[in-house]
Structure formats: structure tokens, C-alpha cells
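A short worksheet on the structure shown next.
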Amino acid sequence: MMTIGPAELAAMIEAVAQRVSIEREALNRLDAALGDGDHGTSISAAFTAAIEAIAALDQPSASDIWLAAAKALMNRMGGASGAIFGSFFLKGVAVIRGKDRLNKRDMDAVLTAGLQGVQTRGKAQVGDKTMVDALAPAVAAFARTDDFTAGWRCAAEAAGDGADSTRELIARRGRAKYLGERGSGHIDPGAMTIAILFAAIDDWWTGKA
Ligand code: ADP
Ligand code: MG
């Protein structure tokens, strides 16, 4: 498949929702070590809300799918992190709008805009022990590839490595920063969610391509 349309974008969100739901308790445990222990519950509720909202759409366009995900993350997750995760999808919406289907270069732009949205909203840089540590390398790895198959594979690998890299870091953003050095030794839950997201999309793509 050379392009991705509304049905594929919906299937991607569905794959992510399923995987995040399976990992809910593990994500809660990561957040219990660094924050307030709710990350798995809130991200999984938000993605479940996203698939429900998408299912209720009548002949959605590609941007309608991404907008539904953005709204679900912002409304169901709530708080600062809901706005941060939501802005990943929201900034992609503007890039998708007007396109029926996305080719690989379009998807590069969607992911890049999403990363910029996250960083504008949350002000985190790579090394601050947040989801940006997984997202930034994943987006860069995706953009370096020529096709979706290599792109999702490399993005998933880079996101996993990025999530692992947060273990030894000391948080400079989010609740974890109040722990200081005591947070070292624990993987950031949001970074793990990004690793799960790209792994789920890669697995979905591979099963389908
Ligand atoms: P909360 O901290 O409000 O309980 P969650 O537990 O759902 O929200 O999400 C926590 C995750 O949000 C962190 O693991 C981190 O990856 C991400 N996060 C927090 N602050 C920022 C930020 N400023 N920029 C990017 N990501 C952030
Ligand atoms: Mg939390």
C-alpha cells in the first residue's frame, strides 16, 4: 500500500488503543514510580474514547480521524499531559486537512508537525525525561526512510530506544521533576506510551502490508 487514507488512520488508532489497553497496568506502575500512577488508566481511556468517537463519524475524512483522536486525548486525559498528547494529533490535523490520502512524505509532515506541537505546548527537549525522548527520535527515524514499511519499523525501534534512554535521566518536566535524582532508574511512562504507539502501528502495518 503506497498511501494511507481514513480507514487506515482509524485502524492505526484502533491498534494503538488495543495495545495501550493491554499495557495499562504496566504504564500505571511506571507512573507510580515517577508521578501519580494514573498514566496507563488515562491514556487507555482516552484512546478508547477516540475509537468510539471515530466509530460514530459518518464517512470521515482523513483529518476527521486525527481530529477525533486529538479531542479524545485532550478531553479524556485532561490536565497538562492531555493537552500535550492531544497536540501531537491536533497539529497533524492541519497538515492532513484537504488530503484524501497520505503518501510517505505527507506522513513525515504529519508526524513532524505533531512533534513540534508537543514541544511548543510542553517545552520539553530531548533529555528532559518525557515522551519527547521517544517521539523526537521516532519522528526523525521515520523521516529518514523512503517508505512506510521501513518508516514504521525504524520509528518503532527508535521510540523503544528513546524510552529506554529515559531510565537514567533526571526529569526536568512534568510531575517527575519533583523527584529529582530519586526518579533515576525508572522509565518515563509517557515515553513508554510513545514506544507502544509506534510498535502497535508497525505490527499493524506488517500484518497488513
Ligand atoms: P499527569 O502527569 O498529569 O498525571 P500522565 O501521568 O498521564 O499525566 O502523563 C505523564 C507523562 O506526560 C510523563 O511521563 C511525560 O512523558 C509526559 N509529560 C509531562 N510533562 C511533559 C512536558 N512538559 N512535555 C512533554 N511530555 C510531558
Ligand atoms: Mg500521572
Side-chain angles (χ1 to χ4, degrees), residues 13 16-51 69-92 110-142 155-156 158-201:
I13 306 277
V16 172
Q18 277 179 20
R19 189 72 67 95
V20 162
S21 157
I22 290 167
E23 301 294 338
R24 180 173 50 225
E25 295 309 321
L27 290 168
N28 279 342
R29 281 194 293 275
L30 291 179
D31 195 33
L34 289 176
D36 56 359
D38 67 349
H39 180 69
T41 299
S42 50
I43 194 89
S44 124
F47 274 105
T48 300
I51 52 176
K71 285 181 175 169
L73 285 162
M74 289 187 290
N75 297 336
R76 292 300 184 100
M77 265 186 100
S81 46
I84 289 164
F85 279 87
S87 59
F88 173 72
F89 288 93
L90 193 60
K91 295 301 166 183
V110 169
L111 298 182
T112 299
L115 171 65
Q116 284 170 357
V118 165
Q119 293 197 276
T120 302
R121 170 63 68 164
K123 309 277 184 268
Q125 302 296 324
V126 169
D128 286 351
K129 197 177 177 102
T130 72
M131 57 100 103
V132 170
D133 290 311
L135 186 59
V139 171
F142 187 88
D161 290 347
D164 283 344
S165 80
T166 64
R167 189 191 304 272
E168 304 313 325
L169 294 172
I170 294 167
R172 285 192 287 257
R173 293 282 168 190
R175 290 181 201 279
K177 75 170 182 260
Y178 302 111
L179 283 180
E181 290 182 7
R182 282 175 295 142
S184 182
H186 301 283
I187 290 179
D188 176 70
M192 184 57 87
T193 286
I194 297 297
I196 290 166
L197 178 147
F198 282 103
I201 293 172

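Both counts, for ligands and for their atoms, begin at 1 and track the order of listing. The shown structure was predicted, so the numbers you read here are calculated from the model rather than taken from an experiment. One is the number of the first residue; the rest follow in order along the sequence.
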Discussion item. Tell me whether Asn75 contacts the main-chain N or O of Ala72 through its side chain, where contact means a donor paired with an acceptor under 3.5 Å.
Written reply: no
Worksheet, complete the sentence: Between the CD1 atom in Ile43 and the CG atom in Leu73, the distance rounded to the nearest 0.5 Å is 5.5 Å
Discussion item. How long is the straight-line distance from OG of Ser42 back to CG of Asp36, given to the nearest 0.5 Å?
Written reply: 8.0 Å
Worksheet item: Would one find more than 12 heavy atoms of other residues, nucleotides or ligands at under 6.0 Å from atom NZ of Lys177?
Response: yes
Worksheet entry | Set of side chain to side chain contact (heavy atoms under 4.5 Å, CB included) partners for Ala70, sequence neighbours left out | Met74, Phe89, Leu90
Discussion item. As an exercise, state the distance from CZ of Phe85 to NE2 of His39, rounded to the nearest 0.5 Å.
Written reply: 4.5 Å
Worksheet entry | Near the Mg ion (ligand 2) (under 2.8 Å) - protein N, O or S atoms | Asp31 OD2, Asp36 OD1, Asp38 OD1
Worksheet, complete the sentence: Sorted by chain and residue number, the residues having a heavy atom closer than 4.0 Å to an atom of ligand 1 are Asp31, Asp36, Asp38, His39, Ser42, Met77, Ser81, Ile84, Phe85, Gly122, Ala124, Thr130, Met131, Arg173, Gly174, Arg175, Asp188, Pro189, Gly190, Ala191
Worksheet entry | Gap between atom CD1 of Ile201 and atom CZ of Phe142 - 0.5 Å precision | 9.0 Å
List the atom pairs, with distances to 0.1 Å, where a side-chain N or O of residues 110-122 and a protein N or O form a donor-acceptor pair under 3.5 Å, not counting sequence neighbours.
| residue | atom | partner | partner atom | Å |
| --- | --- | --- | --- | --- |
| Thr112 | OG1 | Asp108 | O | 2.8 |
| Gln119 | NE2 | Ala124 | O | 2.8 |
| Thr120 | OG1 | Gln116 | O | 2.8 |

Fill in: Separation between OG1 of Thr166 and CG of Asp164, rounded to the nearest 0.5 Å
7.5 Å
